[in-house]
2 protein chains.
Amino acid sequence: MGAPVSRTSVRRLPELQVDDPAVLHGILDAGTVAQVAIVHDGQPYAIPVAYGRSGSSVLFHGSTGSRLFRTLAGGAPCCFTVTLLDGLVLARSAFETSMHYRSVMALGRCTVVEDKVPALRTISEHILPGRWAEVRPPSRKELAATLVLALPLTEVSVKVSAGPPSTSPEDAGYDVWTGVVPFRVERGEPIECEEES
Amino acid sequence: MGAPVSRTSVRRLPELQVDDPAVLHGILDAGTVAQVAIVHDGQPYAIPVAYGRSGSSVLFHGSTGSRLFRTLAGGAPCCFTVTLLDGLVLARSAFETSMHYRSVMALGRCTVVEDKVPALRTISEHILPGRWAEVRPPSRKELAATLVLALPLTEVSVKVSAGPPSTSPEDAGYDVWTGVVPFRVERGEPIECEEES
């Protein structure tokens, strides 16, 4: 295995790599769900998790009943990624057709957060600011069933694709529309529901 | 390692598991980007990929210059996931606050697709139907730089969370709004761009 820096140096399209911590934090703060990759019995898994950011760590939680979360809690290597899709980039060639995106990949090993309530509040505030103060806080039993993990953002790569479509001399004769179709995640009108016991 | 079925049996919230192939295909057809988890030198990675579906396989592509894609092409075990976030589920307790989502997780080993053009067209049609017929098709050199992979959907788990917020007797006294905030990915008005050579 190479030195840490080599694992997160961007080899493909290195011109898209960004080193600004403000960009890293902005992507994490704008995302809702991360994917955490973990190996169990030689098989990789990617699991979606809600998360929050506290300074230069990300926080996420899962059930103590989950074997993948227990593996993470044991300090197994993991990969935490957030990918924000910003649009389709429509070039004149199939090859240069691509996407606008902002992505974060953090490698490392998680630590178990013992002081769970502030960490869970950070995750809740990330998803819907203000909600934590209104809801019933977790009971002792609920906390006992919850693993809260922290991953320090030390070995990180950030990529931002935001440029125009690329063209090459071979595209001459293909007079097609080129540009970007932007994507946006909209939060719709809240829908009141009957609760279920 | 257990029998294949045990790796994709849903242990957490098994009531959300769905066995209907139409639901599986519907989720894959509605998504834009998948996450592929792969192990390299003992470290798991999750990489975002555009993809398409051909019958009961998913197809995706990458650069021959990518060590992770070369590892996938060599038949290493991988995990292909698509996660569609449909909304926030706001319960009266922090513990029962959750999300509506539809997710697919497929485990297996990829095969290299030799007949690349039809597979790339399938991926292109998945992302923007009709575009393939308008753009310059890939050149021989571009095809040589592209790895196209197929993963059969044989070992798959599908989960759909779409229910109302849960409540428990402990929530009495917390008179807060409960329901769902729907998420929707909107494609905005196309923005014409100058191309870049």
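Numbers restart at 1 for each chain; the letters A, B, ... are given by sequence-line order, proteins then strands. As the structure is a prediction and not an experimental result, all values here were calculated from the model.
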**Message:** Between Val135(A) and Glu96(B), is there a side-chain heavy-atom distance shorter than 4.5 Å?
**Reply:** no
**Request:** Heavy-atom distances under 4.5 Å only: say whether Leu128(B) touches chain A with side chain, backbone, both or neither.
**Result:** side chain
**Fill in**
Output for pair (Trp132(B) CH2, Thr97(A) OG1), nearest 0.5 Å, gives 8.5 Å
**When Pro137(A), Ser139(A), Gly163(A), Cys78(A) are compared by non-hydrogen pairs under 4.5 Å with chain B, the top option** = Cys78(A)
**Prompt:** Given Arg92(B), which of Glu196(A), Glu134(A), Glu195(A) fulfils the salt bridge (Lys or Arg N to Asp or Glu O under 4.0 Å) condition?
**Reply:** Glu195(A)
**Approximate separation, where rounding is to 0.5 Å, of Gln43(A) CD and Glu155(B) CD** = 6.5 Å
**Item:** Distance, nearest 0.5 Å, that separates CZ of Arg131(A) from CG of Leu88(B)
**Value:** 9.5 Å
**Asked** Any link between Val58(A) and Val112(A) through a network of hydrophobic side chains (Ile, Leu, Val, Met, Phe, Trp, Tyr) touching at under 4.5 Å?
**Response** yes
**Request:** With a 4.5 angstrom heavy-atom cut-off, could you sort out which part of Ser166(B) is near chain A: side chain, backbone, both or neither?
**Result:** both
**Side chain / backbone / both / neither for Ala76(B) at chain A, heavy atoms under 4.5 Å** = neither
**Prompt:** Got Leu120(B) and Phe95(A) here, is their nearest side-chain heavy-atom distance under 4.5 Å?
**Reply:** no
**Message:** Tell me which of these, Val33(B), Ile127(B), Thr32(B), Leu90(B), has more heavy-atom pairs under 4.5 Å with chain A than the rest.
**Reply:** Leu90(B)
**Item:** Heavy-atom contact with chain A under 4.5 Å, split by part of Pro48(B)
**Value:** side chain
**Message:** For Pro164(B), is there any backbone N or O sitting under 3.5 Å from a side-chain donor or acceptor partner on Glu194(A)?
**Reply:** no
**Request:** State plainly whether one hydrophobic cluster holds both Tyr101(A) and Val89(A), where clusters connect Ile, Leu, Val, Met, Phe, Trp and Tyr through side-chain heavy atoms under 4.5 angstrom apart.
**Result:** no
**Residue pair Val181(B) / Glu189(A), side-chain heavy-atom distance below 4.5 Å** = no
**Request:** Against chain A, work out which of Thr167(B), Leu143(B), Val39(B), Val176(B) has the most heavy-atom pairs shorter than 4.5 Å and name it.
**Result:** Thr167(B)
**Asked** Does any heavy atom of chain A fall under 4.5 Å from the side chain of Ser103(B), the backbone, both, or neither of them?
**Response** neither
**Asked** So, for Ala46(A) and Thr81(B), which heavy atoms are closest and what is the spacing to 0.1 Å?
**Response** O-CG2, 3.5 Å
**Item:** Toward chain A, the part of Ser98(B) with a non-hydrogen atom under 4.5 Å
**Value:** neither
**Item:** Closest non-hydrogen atom pair between Pro190(A) and Trp177(B), with its separation
**Value:** CB-CH2, 3.4 Å
**Complete:** Value for CD1 (Ile47(A)) from CD (Gln35(B)), rounded to nearest 0.5 Å, stands at 12.5 Å
**Prompt:** Where does Leu85(B) contact chain A at under 4.5 Å (heavy atoms): side chain, backbone, both or neither?
**Reply:** side chain
**Asked** What are the two closest non-hydrogen atoms of Pro44(A) and Cys79(B), and how far apart are they?
**Response** O-CB, 3.1 Å
**Request:** Determine whether the side chains of Thr178(A) and Glu192(B) contain a donor N or O and an acceptor N or O closer than 3.5 Å.
**Result:** no
**Prompt:** Mind checking whether Val180(B) and Met99(B) sit in one hydrophobic cluster, side chains of I, L, V, M, F, W, Y counted as touching below 4.5 Å?
**Reply:** no
**Message:** Looking at Asp175(A), I want to see if its CG is surrounded by more than 12 non-hydrogen atoms of other residues, nucleotides or ligands under 6.0 Å.
**Reply:** no
**Nearest-0.5 Å distance, CZ of residue Arg136(B) to OG of residue Ser168(A)** = 4.5 Å
**Fill in**
Here the gap from Glu186(B) atom CD to Phe183(A) atom CZ, rounded to the nearest 0.5 Å, amounts to 11.5 Å
